[in-house]
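Okay, structure first, notes after.
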Amino acid sequence: MLYTENQFKRYTVTSALPYANGPVHIGHLAGVYIPADIYARYLRLAGEDVIYIGGSDEHGVPITIKARNEGITPQEVVDHYHAIIKKSFEDFGISFDIYSRTSDPIHHRTASDFFLKLYQDNKFIEKTTQQYYDEEARQFLADRYITGVCPHCSNERAYGDQCESCGTSLSPTDLLHPKSVLSGSEPVLKDTKHWFLPLNEYEDFLKEWILIQHKQDWRSTVYGQCKSWIDMGLQPRAVTRDLDWGIKLPVPDTDGKVLYVWFDAPIGYISATKIWADQHQKDWQPYWKDTETKLVHFIGKDNIVFHCIIFPVMLKAEGSYILPENVPANEFMNLENDKISTSRNWAVWLHEYMEDFPDKQDVLRYVLTSSAPETKDNDFTWKDFQAKNNNELVAIFGNFVNRTLVLTHKYYQGRIPAKDVLNETDRAVMEQIKTYPELIGRNIEKYHFRDGLSELMNLARLGNKYLTDNEPWKEINTNPQHVTSVLNIALQIAANLSILCEPFLPFTAKKLQTMLNMQPAKWSKAGCVSLLDEGALIGEPTLLFEKTEDSAIEEQLLKLRKAKEQNAQNAQQDVEVEPQKALISYEDFMKADLRICQVLEAERVAKTKKLLKLKVDTGFDIRTIISGIAENYEPEALTGKKVLMLVNLQPKEIIGTVSQGMILMADCNGTLGILTSDKDMPNGSIVK
RNA sequence: CGCGGAGUAGAGCAGUGGUAGCUCGUCGGGCUCAUAACCCGGAGGCCGCAGGUUCGAGUCCUGUCUCCGCAACCA
């Protein structure tokens, strides 16, 4: 029984399928898996019929690229990471009813049947387009499999979808001198047929369903993103790809074609449900087809379009499925003021956390929940982790439980005393205890997990205050018959905490219940002040949480610093040295007027990422130049610096400012280094 | 002018028209059962900036600046 008005018969809760080309990190946990887990655990505790679905997403181009780079098969890649990911989720108590994978045969059949149904119902449009084809490798090339010269910046290693040097997004046909990554040969354009889901035909449906029906209950970030997509006008979207890794099209004469990974992945929720149902002799269909089922997708904000637009359109087109009731997408979690990045190894990996902080899953769960990016991007810092552990979990929650149990053992040899004599404060506290289950429950039901957790801590605070107000350690000498009531009530608060914290801190809940010698109880039991029987024996107190020392935090920070250094080194090692350019004459070289100059002022150019505006002293004049080095140098670090400059370069206007010259830089994969003289030379010194 | 989100006390956040709030930190006091933990009290904010609507604006409207995300690996 829930507190909010809408009553459903059952709940299907999903969390985004992690892509099996790397382990999972705190960003995944904070953004998706912890919120979903809290929600699912809460519903179970409230006695609802709920399944919580997860699994690894194992298809798509990046996995094939990774396999190729490492010289193994795609299947080996996904087997490796699926195992690591699954283990991490188990370690952190993410309570999936089933954690499946999209390489499962049942999934292949389900996705393929789904496609076939839409195909037979003529829900797709077929289009033939031209795409690059590698004649040596005899296959069509995904955008990432094509490199060439960027038409904008002449970078010779631009990809078919993007040039990483200048940042512009490209399509493969934009590239000059395209080259296949597979064979190195020049690919040719060839006709290929694909099936498209005509999203544009579902605009009215989406407008009605999202923009009107869910205006109030969806998060503003989710709603805004959807609105912008719908307002821009939707285009038909290809749901097939030319690739040999994935789910084969169930249509004759389509060799070498598979379902687009984003078509097959969300169907993974459905196939996982089927597998679960098989294992438990249940029927999967009510969880996906009964209108009295509430379907909720937990995702990160990057997945909004797939879960709010594309997948619902797929479900709608199929016809027999229900639609998600809510899609509580979280924003992103940053790490120490920097974007979490798998490729840059800027992350806290869950499997590493488990090694460094064994048995402290709940600490991370607590920290990530209390600063979850529910409304905007948030930052995870180790200092904050330590503070929240020491000042909140240890000092408030752990300490309350500890002092209560210690006093019980001290005065009553571990037997729960009777509450006979009750005064006004006792009664007031008992009344307050009653309010917490609903307070916390309502927040969880509204997906306000941060607020729910904070209310939980308030109950622990209430306990601490209650003890301090009554001072049983003094009263034991003056009014011992009342102390029994005080400790009874304090113990009841601890028992309540053990139930109410279960969705957030499942390991702590278990530990606390063991300590109190109590059985796990349903949510509806919480709020009651007779959870523990008078006269019953409690266990020995052990610490629920331990202080985190500075050294542990420093170790983690050191690890991150090393990752950053390693990263810089890798970037340098990966360099392909450019071949020597054509010979030039001495006269040609002498045309270049190179000088030692001094930077006088530096400031960022508004609205750009890379540009700095510099005022430079050339020895003979002072001029302005624009330089694309803002990602490598802070403006402050440049002022006063002597640099090597080409001064007779033709002036060029860049973003409204004329740049008169060019600062010379060593360039290694975008890492830039300023050149200068090893002696202090006066401004204007000639370089030759 | 590509699209979306955010800017509120030192830090992290809540607050969608009616006397600016929470957690942590900080300062002062109390207590000593407890992992130097707990409890009480105080200080600290022209709610990014500028206009407007209103009896009344953090909240609605317009303009503007800054940060983040999406489009493009990634929650």
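Here is the naming used below: chain letters follow the sequence lines, and residue numbers restart at 1 for every chain. In this text, all values refer to a predicted model and were calculated from it rather than measured experimentally.
Residue-level contact check: A:K474 touches the backbone only, with heavy atoms under 4.0 Å from sugar-phosphate atoms and none from bases. Looking at heavy-atom distances under 4.0 Å, A:N303 makes contact with sugar-phosphate atoms alone, never a base. At a threshold of 4.0 angstrom between heavy atoms, the contacts of A:M333 include nucleobase atoms, whether or not backbone atoms are also involved. Residue A:E374 is out of contact with every strand shown, counting any heavy-atom pair closer than 4.0 Å. A:G224 comes within contact range of the sugar-phosphate backbone alone, with a heavy-atom separation under 4.0 Å but no base atom that close.
For A:H297 and B:rA75, the NE2 to P distance is 17 Å, given to the nearest whole Å. With rounding to whole Å, A:W262 atom CH2 is found 11 Å from B:rC74 atom C1'. The CG atom of A:D451 sits 13 Å away from the C1' atom of B:rG12 (whole-angstrom rounding). For the pair A:D379 CG and B:rC67 C1', the computed distance is 13 Å after rounding to whole Å. Following rounding to the nearest Å, A:F92 (CZ) and B:rA75 (P) show an atom-to-atom distance of 17 Å. As rounded to whole Å, 17 Å separates atom P of B:rA6 from atom CG of A:N334. Rounded to whole Å, the distance from CZ on A:F397 to P on B:rC24 is 15 Å. Atoms CD1 (A:I299) and C1' (B:rC74) sit 14 Å apart, rounded to a whole Å.
Taking atom C1' in both B:rA43 and B:rG48, the straight-line distance is 24 Å, to the nearest Å. B:rA20 and B:rA57: their P atoms are spaced 11 Å apart (whole Å). Atom C1' of B:rG10 sits at a distance of 38 Å from the matching atom of B:rG2, rounded to the whole Å. Nucleotides B:rC47 and B:rU59 place their P atoms 10 Å apart, quoted to the nearest Å. B:rC61 and B:rU26: their C1' atoms are spaced 40 Å apart (whole Å). Distance check on atom C1': B:rA9 versus B:rG5 gives 24 Å, rounded to whole Å. With C1' as the reference atom, B:rC22 and B:rA14 are 7 Å apart, rounded to whole Å. Atom P of B:rG45 sits at a distance of 38 Å from the matching atom of B:rC3, rounded to the whole Å.
Using cut-offs of 30° and 60° for the angle between ring planes, the A:Y39 and A:F449 rings count as perpendicular. Using a 30° and 60° split on the angle between ring planes, A:Y33 and A:F89 fall in the tilted class, from 30° to 60°.
For the side-chain hydrogen bond (donor to acceptor under 3.5 Å, both in side chains) test, no residue two or more places apart in sequence or in another chain qualifies with A:W346. Looking at residues two or more places apart in sequence or on another chain, you find no side-chain hydrogen bond (donor to acceptor under 3.5 Å, both in side chains) involving A:N477. Residues passing the side chain to side chain contact (heavy atoms under 4.5 Å, CB included) test with A:Q432, sequence neighbours excluded: A:L462. Applying the side-chain hydrogen bond (donor to acceptor under 3.5 Å, both in side chains) rule to A:E374 yields no partners; only residues at least two apart in sequence or on another chain are considered.
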*asked:* How would you summarise protein contacts on nucleotides 33-41 of chain B per nucleotide, using B for base, S for sugar-phosphate only and - for none, with heavy-atom distances below 4.0 Å?
replied: BBB-SSSS-
*asked:* Taking Watson-Crick (N1-N3 plus N6-O4 or O6-N4) and G-U wobble (N1-O2, O6-N3), each under 3.5 Å, can you produce the dot-bracket string of RNA chain B? Use [ ] for crossing pairs and | for inter-strand ones.
replied: .(((((((.[[[[.)..(..]]]].(((((.......))))).....[[[[[..)....]]]]])))))).....
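The salt bridge (Lys or Arg N to Asp or Glu O under 4.0 Å) contacts involving residues 380-394 of chain A comprise A:D384-A:K388, where partners must be two or more places apart or lie in separate chains. Among residue pairs with one or both ends in residues 454-470 of chain A, those qualifying as side-chain hydrogen bond (donor to acceptor under 3.5 Å, both in side chains) are A:R403-A:N464, A:D426-A:Y466, A:E455-A:N458, A:N458-A:R461, A:K465-A:D469; sequence neighbours excluded. Applying the side-chain hydrogen bond (donor to acceptor under 3.5 Å, both in side chains) definition to pairs two or more places apart or across chains, those involving residues 297-313 of chain A are A:T14-A:H297, A:Y269-A:H307, A:K301-A:E331, A:K301-A:D377.
Between B:rA6, B:rA14, B:rC70, one nucleotide has an atom nearer to the side chain of A:F332 than all others, and that is B:rC70. Out of B:rA75, B:rC73, B:rG5, the shortest distance to the side chain of A:E331 is found at B:rG5.
A:L364 is listed as a side-chain neighbour of A:F385, based on a closest heavy-atom distance under 4.5 Å.
When only modelled atom types and interatomic distance are considered, A:Y99 and A:S56 share a side-chain donor-acceptor pair under 3.5 Å.
Within the 4.0 Å cut-off from OP1 or OP2 of B:rC74, not a single side-chain nitrogen or oxygen of A:K301 is found.
If you find the closest nucleotide of RNA chain B to A:T221 and to A:P18, the one lying nearer the 5' end belongs to A:T221.
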